[in-house]
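What follows is a single structure, written as structure tokens, with notes after it.
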Amino acid sequence: MVRQTRREFIKLMGLTVASAGASSLLTGCAGAGRIAGARKNRPNIIFILADDLGYGDLGCYGQKTIKTPNIDKLAEEGMRFTDHYAGSTVCAPSRCCLMTGFHTGHALIRGNADVPLRPSDLTVAELLKKAGYRTGIIGKWGLGEADSTGIPNKQGFDYWFGYLNQRHAHNYYPEYLWRNEEKVELKNEVNHVIGGQDRTPGGVATKRVDYSHDLFAAEALRFVEQNKNGPFFLYLALTIPHANNEAGNKGMEVPSLEPYADKDWPEPQKGHAAMITRMDGDVGRLMAKLKGLGLDDNTLVMFTSDNGPHKEGGGDPEFFNSSGPLRGYKRALYEGGIRVPMIARWPGRIKAGSVSNHVSAFWDFLPTCCELVGVKAPEGIDGISMVPTLLGRPGEQREHEYLYWEFHEQGKRQAVRMGDWKGVRQNVAENPNGPIELYNLKNDIGEKNNVAVRHPGIVTKIEAYMKAARTPSEHWPLP
Ligand SMILES: [Ca+2]
């Protein structure tokens, strides 16, 4: 497999963009005026990422109690994916897959640890920026600390506002956030000792003034307004409904429990629901902003979550059936940990009210963007463009031979989805050649019946994929 360095690729891409006009309807005219000429036809791209939102947490995915009218409307006006997967079952690796187009068998970042993206890592933001997009990220990054090579401004983003550090992002009332490379002081006061992590980011606020999510929602409106002449790419990486893990069972921090304050529910569950409905309102305001600016028809909006629902900060995925029909939650490689809601809306281009069962994943986002803007995707990535599915040409859609995940906590795990089959191997650290559980998702979406003994040939194939799907990693080794 050929891996190009970023420098080589960008050099190559300059040529590709210039000559793409003839071969791509979306790109428009080539040559010196190519960006201006193509701008009309290339959509703005807004990618909204929720944090730890489950497959069953949205009305359009079967949620009965938590109200999400605005996100449900996205689905009514766009395409809802039933078989879309996050990059990982926890934050950082999932986001690395999204940004770089690799699954966790090839990605640099395969777990939650302080490993920053390197200059040689090519992100979707760099590709879009090079293609003439104004690129912004608002929310949580998690792929590089201050002064590292991994900060958003060194990874293709023109504008950045939010949390660099994931532990910092646990606290919804932080003392500061980052705007590009500057610290922005907030009015909150934080007790860092409460979390047992003295002087490390995170902690629990003793004075709560600025709720970070509300700042992100306002920043998103501002970014769209300021870049209305487009084209722009906004990666809105919200932190809802993640818990503040340092706040014990009071971790579902939200300024108001409305509209659920009077419910007869445990407080953390009121918080979980109130967070999601609050986020939903902000999605509605963002959509209204697009309409108000006349950008509605020329903006692709995608909405998804970075992994399954959590059981932290007092949260309880059982209470609202946050995983829907799926087994497990965050940190599992069962479907509940990795299968996520995914909605895509682009009026006039994506069929309203459509549902797709295309098997797809976070590593498909980068090549999807490349095809949309008319640049060649880097060689050797794991992702496959979803554009044919999105634009109603499913017959042209290339399918994945298989999807792969590896997870480096709780004894280490591996999983493969191949067609309707799902293979899961537990305790890989202890037993790297241990048994593989096999499920047929077609008739067993809840992964209740391990049918491995009945299908030894399928198990052998999945076992071979588990070996072949990965390259060694110095940070995340498997035995
Ligand atoms: Ca997460």
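Numbering of ligands and ligand atoms starts at 1, following listing order.
- Using a cut-off of 3.0 Å, one finds that Cys91 contributes an N/O/S atom close to the Ca ion (ligand 1).
- In Asp52, the N, O or S atom that comes nearest to the Ca ion (ligand 1) is OD1.
- Test Glu437, Glu463, Glu406 against Arg425 for salt bridge (charged side-chain N to carboxylate O under 4.0 Å, His left out) and you get one pass: Glu463.
- For Asn307 atom OD1 and Asp306 atom OD2, the angle they make at the Ca ion (ligand 1) is roughly 90°, to 10 degrees.
- Taking the ring centre of Tyr334 as origin, the terminal cationic atom of Arg327 falls inside the region bounded by 6.0 Å and 45° from the ring axis.
- Remark: the His170 side chain and the Lys140 side chain contain no N/O donor-acceptor pair separated by less than 3.5 Å.
- Judged by the 6.0 Å distance and 45° axis criteria, Lys183 is positioned over the aromatic ring of Tyr176.
- For the pair Arg134 and Phe233, the cation-pi test (distance below 6.0 Å, angle within 45°) is failed.
- When distances from the Ca ion (ligand 1) to the N, O or S atoms of Asp51 are compared, OD1 comes out shortest.
- Residue contacts to the Ca ion (ligand 1): Ser94 brings no N, O or S atom closer than 3.0 Å.
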